[in-house]
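Working notes for the structure below.
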Amino acid sequence: MSIDQLRPLLPALIVALAGMAVLLAQAVAGRDKNAPGAFFSLVGLLTALVSSVMIARGRGLGETVGGSYAADAYALFFHVLILGIAVVA
């Protein structure tokens with residue numbers, strides 16, 4: 001399995017890593033300081049949104065990962081929809 005075959009998983013991995021960064025920032029920041037959780041969340045969601053759009057317009061459209069996780073037009077529409085709602089919220 002090559003890196004190109006893992007391209008459909010990229011938006012989900014970005015959101016997961018951003019979530020871990022937010023949790024780590026909250027843990028490292030002291031009680032008196034404001035943690036940059038909202039900033040990390042917004043950057044992670046926007047990055048995942050951009051990667052979903054790039055997959056939809058690029059070579060990643062129609063690829064599957066192990067036959068179980070697909071990057072077809074239907075899945076990418078809902079990725080963009082849900083990430084867009086999360087950014088607005």
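Basis for what follows: all heavy atoms, side chains included, without hydrogens, waters or symmetry-related copies.
Residues Leu13 and Leu6 fall within the same hydrophobic cluster, defined by Ile, Leu, Val, Met, Phe, Trp and Tyr side chains chained together at heavy-atom separations under 4.5 Å.
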List the atom pairs, with distances to 0.1 Å, where a side-chain N or O of residues 70-83 and a protein N or O form a donor-acceptor pair under 3.5 Å, not counting sequence neighbours.
residue	atom	partner	partner atom	Å
Asp72	OD1	Ala75	N	3.1
His79	NE2	Tyr69	OH	3.4

Could you list the donor-acceptor pairs under 3.5 angstrom formed between side-chain atoms of residues 37-51 and any protein atom two or more places apart in sequence or on another chain?
residue	atom	partner	partner atom	Å
Ser41	OG	Gly37	O	2.9
Thr47	OG1	Val43	O	2.6
Ser51	OG	Ala48	O	2.8

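In plain terms, the two heavy atoms of Ile55 and Pro8 that are nearest each other are CD1-CA, 4.3 Å.
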